[in-house]
Amino acid sequence: MSRLAAGVVLVTAQEPPLDPDDPYAPGGEDAGMTATAFMSVSLDPPLVLVSLRTGSRMDDLLDEQPLWAVSVLAEHQRQIAGRFAMKGRVSDRLLFADLACDRGEATGAPLIPDALATLECRTEQRVEAGDHTLVIGRVLTARIPSTEGGPLLYYRGRYRHLG
């Protein structure tokens with residue numbers, strides 16, 4: 001499958017507060033991961049799908065938190081993709097610390113302000129598929145923050161761009 005070029009997205013979500021009944025309890029942290037297994041499923045209703053490794057942090061989070069977001073990365077955002085794809089990476093808090101993000105109106109999840117497109121989603125269905133979970137989400141909001149540049153692609157184990 002390394003011969004199939006894929007777009008690169010950043011999937012993000014905000015953990016729920018530790019104690020939603022306590023207004024003084026710390027809020028949940030942001031979480032993010034780079035994904036290449038992302039696709040449009042349906043226009044009516046608007047549905048998308050992301051494939052997550054079963055048992056990964058994002059899989060566990062989206063099992064408890066139905067709201068999440070996607071930023072479609074542009075070719076100049078290779079560093080963002082690499083940052084959230086690192087094996088043995090540092091905590092999500094540190095990954096987001098110096099990254100400019102907007103907050104999704106519908107989800108509260110971080111969005112990359114100059115991404116090619118941003119989507120906010122609510123999980124509709126989760127499907128177990130081998131060692132992955134396919135998360136199908138209904139698109140709540142869709143925006144095109146930037147029309148500059150082409151998409152960031154992943155092909156044969158490396159980030160690429162059109163051209």
Side-chain angles (χ1 to χ4, degrees), residues 1-22 25-42 45-73 77-99 101-104 106-112 115 117-142 151-160:
M1 295 308 296
S2 69
R3 300 288 180 154
L4 177 64
V8 181
V9 301
L10 179 64
V11 179
T12 58
Q14 189 176 51
E15 289 181 331
L18 296 176
D19 184 354
D21 297 327
D22 180 357
E29 289 186 3
D30 294 327
M33 65 160 272
T34 301
T36 56
F38 176 78
M39 63 181 278
S40 172
V41 174
S42 168
L47 300 174
V48 294
L49 176 148
V50 64
S51 179
L52 307 173
R53 186 175 39 81
T54 300
S56 67
R57 183 172 194 279
M58 189 61 72
D59 180 41
D60 291 344
L61 176 55
L62 294 190
D63 192 29
E64 91 177 76
Q65 163 62 284
L67 299 173
W68 45 285
V70 174
S71 297
V72 178
L73 298 180
Q77 295 170 321
R78 180 183 302 210
Q79 287 184 321
I80 295 171
R83 173 186 289 207
F84 286 90
M86 290 187 299
K87 291 185 187 231
R89 65 187 200 182
V90 298
S91 75
D92 283 299
R93 183 182 311 135
L94 293 174
L95 294 175
F96 280 105
D98 63 348
L99 186 63
C101 291
D102 294 331
R103 289 273 165 204
T107 64
L111 295 166
I112 304 301
T118 60
L119 306 169
E120 292 184 90
C121 305
R122 174 180 286 117
T123 299
E124 291 271 314
Q125 186 177 0
R126 293 173 55 89
V127 178
E128 291 183 28
D131 59 359
H132 278 65
T133 303
L134 307 178
V135 180
I136 300 169
R138 180 181 294 260
V139 177
L140 304 173
T141 69
L152 181 60
L153 299 176
Y154 194 73
Y155 177 71
R156 294 185 67 188
R158 293 182 42 207
Y159 294 114
R160 315 277 182 149

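Residue numbers start at 1 and run along the sequence shown.
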With sequence neighbours left out, what residues match [X] under side chain to side chain donor-acceptor pair (under 3.5 Å)?
X	value
Arg103	Asp30
Glu124	Arg138
Thr54	Thr133

Kindly write out the residues that satisfy side chain to side chain contact (heavy atoms under 4.5 Å, CB included) with [X], not counting sequence neighbours, or none if the list is empty.
X	answer
Leu111	Ala69, Ser71, Thr118, Glu120
Ala35	Val9, Val11, Met33, Val50
Arg3	Tyr155, Arg156
Tyr154	Val8, Thr36, Tyr159

Who are the salt bridge (Lys or Arg N to Asp or Glu O under 4.0 Å) partners of [X], not counting sequence neighbours?
X	value
Asp131	none
Asp59	Arg126
Asp60	none

- prompt: What's the verdict on side chain to side chain contact (heavy atoms under 4.5 Å, CB included) for Leu47 and Val139, showing C-alpha distance, side-chain angles and the deciding distance?
  reply: CA-CA 6 Å; Leu47 300 174; Val139 177; over 6 Å; no
Sub-4.5 Å side-chain heavy-atom contact between [X] and [Y]:
X	Y	result
Leu119	Phe38	yes
Trp68	Thr123	yes
Cys121	Val48	yes

Query raised in the report: Could you give the distance from OG (Ser91) to CD (Glu29), rounded to the nearest 0.5 Å?
Result: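 Result: 6.5 Å between the selected atoms.
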_Distance (rounded to the nearest 0.5 Å) between Arg83 CZ and Asp92 CG_ =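 Arg83 CZ to Asp92 CG: 11.0 Å, rounded to 0.5 Å.
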* So, the side chain of Arg78 versus the backbone of Leu152: is there a donor-acceptor pair under 3.5 Å, distance only? ->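 Between the backbone of Leu152 and the side chain of Arg78 there is no qualifying donor-acceptor contact (under 3.5 Å).
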Looking at every non-hydrogen atom in both residues, tell me the closest pair between [X] and [Y] and how far apart they are.
X	Y	answer
Gln14	Gln65	O-NE2, 2.9 Å
Ala31	Leu61	CB-CD2, 3.6 Å
Pro16	Glu64	CG-OE2, 3.5 Å
Ala81	Leu73	CB-CD1, 3.8 Å
Leu49	Leu134	CD1-CB, 4.1 Å
Pro45	Ser42	O-OG, 2.7 Å

Identified side chain to side chain contact (heavy atoms under 4.5 Å, CB included) counterpart of Ile112 within the set Val72, Leu99, Thr12, Val70: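 Running side chain to side chain contact (heavy atoms under 4.5 Å, CB included) over Val72, Leu99, Thr12, Val70 with Ile112 returns exactly one hit, Leu99.
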